[in-house]
There are 2 protein chains.
Amino acid sequence: MIQARLMGRVTIEDVAERAGVSVATVDRVLNSRATVRPRNAARVEAAIRALNYQPDRLAARLARQRSYRFCFVLPRGGNIFMRDLATEIESHARHLAGERVSADILYTDIFDPEALSASLLSVSGKYDGVALVALDHPRVREAIQHIASHGAEVVTLVSDAPGAARSHFVGIENAAAGRTAATLLGRYLGGRRGKIGIIAGSLALRDHAERHFGFAQVIAAEYRDLSLLPVQEGRDNPERSMELAAGMIAREGDLVGIYNIGAGTEGIIEALQSSGRSRDIVFVAHELNEITRHALLDGAVDVVIAQDPGHEARSAMRVLMARCDKAAIIAAQERISVDIFVKDNLP
Amino acid sequence: MIQARLMGRVTIEDVAERAGVSVATVDRVLNSRATVRPRNAARVEAAIRALNYQPDRLAARLARQRSYRFCFVLPRGGNIFMRDLATEIESHARHLAGERVSADILYTDIFDPEALSASLLSVSGKYDGVALVALDHPRVREAIQHIASHGAEVVTLVSDAPGAARSHFVGIENAAAGRTAATLLGRYLGGRRGKIGIIAGSLALRDHAERHFGFAQVIAAEYRDLSLLPVQEGRDNPERSMELAAGMIAREGDLVGIYNIGAGTEGIIEALQSSGRSRDIVFVAHELNEITRHALLDGAVDVVIAQDPGHEARSAMRVLMARCDKAAIIAAQERISVDIFVKDNLP
DNA sequence: CAAGAACTGATAGGCGTATGTCAGTTTGTG
DNA sequence: CACAAACTGACATACGCCTATCAGTTCTTG
């Protein structure tokens, strides 16, 4: 092992010496703890640059004795994806116990602006960071503002609230996800002519609306032989989605594709299979889980567009931690990608 | 901020007290520093479990005064992907400077077993961890063994050497990548009948051979209307690949698809475009970079199968660090996925 | 059962930073 | 020029763990 002394690690003492001041003064500059005469402050800054001083993050966190408490606000009784997300958050929180981080999960009705904002306010002031699956609503923005102004970091997760005081959004670009679905569905159909059915949870959900927008855009622009049926809202519910899909299949003789924007995929698979037209209808769904995974292998689903809940959980925590100790975040690492899965590249 | 004392962080002192021994003994057990009577060792283990003690990794690294030195062994004069990988390694190394980690890059001819193993031996003993783009060859395995037996951790990067003493492989499953390419190409062709041209860097490269295997497997099993032309070796060179592609296009009137297993994609694009048959031939390539990115947007390439060099660089460093301080690695986080890109889900 | 071997406890000092105190020095102001 | 205000330096303590030392205790073994 090579020891640090051999590497000549630069410490605040070196900076102090070089700047001709005491370590206390360097500390005052570094942590803006008290006013320092401009001349000395400048010297310190210069010494820092000259020596390329980088504070030791390990020592800093140890000394600061900070243990970060984060709160994740998730939908109560959510779909499979949300349950997977919760599992990932718990598992990563356990892992981070050795790094002085703890995370609680608060379940609430995120579709009700009043309930969500009440939950947010109830949490305000008690945590160093809050991650929430947001609803784009004035009340919610207000609650986020409240948390932020009480000194906590806020990030939105999966679903964003663009105008709000959140410092980061951990999630995918949903319009791009919709466009991706359209391109794959269109290319898989390879020039066939016909109708495409679309099922969403609810177009009142920002992410569903955005996916629909992206999907419709690409189909209109690039696949003139395909036409879209009006969106049906299945509320992410398998039974309801099954009925909607069955209705579509029965009504439209030239149905060649289905795009499920939200959850409830198992219902649509059932409708397809019991209709006997499963092989003729290209089906694109969202999110990778036990159901869609098996469906891909069976051929019941042709393509899955997904976001990785594990990545999102870890990313949210890393971003919160980084913001809490004012460190830089690695943009490329924290970017959540629009994943495409076929039967062959499953994890 | 919530202080640690409120959280009741468990320290070795708590463990010692609970086990009825001194902290020195706990330390002896934890770091197997000297022999401890079995009875006491068992008590300590029990106390650790009972209290769910987790050593503070920050404090440990600080005290140990370790600064990890890693070496990355990459191909000299590599293709775009390898250059991107090098850039990512440098950039992440800079980022980790504040966490007592440094990384050097050593360029060598990784296709020559003698040269590669000589480079590995020259590096042996000087680093805490080595990551290399491996060649699957006895000489190389021997060199890896040598490094490992001198106390350094070894991981393979992008290309594996399965029998060797590396503790981890950071890269994709190449057979799965090949299968994925075949499925997308097959589905994009939507039942069209014809020939598929395959260009590889060299089938002597393990990753290329594996991709080819996976690709051929799926085409044979699922796309009876498609037949494969013999693999042409372009040595990852754009000019040579262009000539090979141009030849194929001219010779085979019913060429409906091209799969480029390695680099040199720009050459193939040129051949396709100057032939005027670009729109009729589905083209699947590997790795996302400026060239393939533009080609996707242009429509010159239909699908790109990729691995993320940034993820690989960060993952290699995290794995090396984790192994150096005997910490657990997060499997899901370190798994490198076979990414699929179309024009709509580009980062 | 004595002598040596094997083990254990107490303690000190260190890693690089944070935070606070207090006496001492410089600066600005009237 | 005096006096308060603003600034600075030196030092102490803490964070949790690592490493080493040394005296003291408990085991082996002949």
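Because the structure is a prediction, the values reported are computed rather than measured. Each chain gets a letter, A, B and so on, in the order the sequences are listed, and its residues count up from 1.
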Check your understanding: Between the base of C:dG16 and the side chain of B:Arg61, is there any donor-acceptor pair under 3.5 Å?
Key -> no
Point to revise | base_contact_polar (C:dG14 base, B:Arg64 side chain, donor-acceptor, <3.5 Å) | key: no
Can you measure [X] atom [atom1] to [N] atom [atom2] for me and round it to whole angstrom units?
X       : N      : atom1 : atom2 : value
A:Arg39 : C:dT26 : CZ    : P     : 11 Å
A:Leu58 : D:dG16 : CG    : P     : 15 Å
A:Gln54 : C:dT17 : CD    : C1'   : 15 Å
A:Asn31 : C:dT19 : CG    : P     : 6 Å
A:Arg28 : D:dA10 : CZ    : P     : 11 Å
A:Ile48 : C:dT17 : CD1   : P     : 11 Å
A:Glu13 : D:dG9  : CD    : C1'   : 13 Å
B:Glu17 : C:dT8  : CD    : C1'   : 18 Å

Just compare [options] and give me whichever is closest to any side-chain atom of [X].
X       : options                : value
B:Asp56 : C:dA18, D:dC17, D:dG9  : D:dC17
A:Asp27 : D:dC18, C:dT17, C:dT19 : C:dT19
B:Ala63 : C:dA6, C:dC15, C:dG9   : C:dC15

Would you say [X] places a side-chain N or O within less than 4.0 Å of OP1 or OP2 belonging to [N]?
X       : N      : answer
A:Tyr53 : C:dT17 : yes
A:Arg37 : D:dC7  : no
B:Thr25 : C:dG9  : yes
B:Arg33 : D:dC18 : no
B:Asn40 : C:dT8  : yes

Review point. Would you say A:Ile89 and A:Leu74 make side-chain contact, with heavy atoms under 4.5 Å?
Key: yes
Check your understanding: Does a side-chain heavy-atom distance below 4.5 Å link B:Met82 with B:Tyr107?
Key -> no
Check your understanding: Between atom CZ of B:Arg314 and atom CG of B:Leu96, what is the distance when rounded to the nearest 0.5 Å?
Key -> 10.5 Å
**Study point:** Atom pair OG/CG of B:Ser117 and B:Leu132 - distance to nearest 0.5 Å
**Key:** 11.0 Å
Review point. Where is the tightest heavy-atom contact between A:Leu157 and A:Ala131, given as atom of each residue plus distance?
Key: CD2-CB, 4.5 Å
**Study point:** Most 5' of B:Ala41 and B:Ala59 on DNA chain C, judged by nearest nucleotide
**Key:** B:Ala41
Practice item. Between A:Thr11 and B:Thr35, name the one whose nearest nucleotide on DNA chain C is closer to the 5' end. Key: B:Thr35
Validation: residues 33-53 of chain B side-chain donor-acceptor distances under 3.5 Å, sequence neighbours left out:
residue	atom	partner	partner atom	Å
B:Arg33	NE	B:Asp27	OD2	2.7
B:Arg33	NH2	B:Asp27	OD1	3.2
B:Arg33	NH2	B:Asp27	OD2	3.1

Exercise for review: Give B:Leu62 one of three labels, base, sugar-phosphate or nothing, depending on what nucleic acid heavy atoms sit under 4.0 Å from its own.
Suggested key: base
Check your understanding: So what does A:Val23 touch, heavy atoms closer than 4.0 Å: a base, only the sugar-phosphate, or nothing?
Key -> nothing
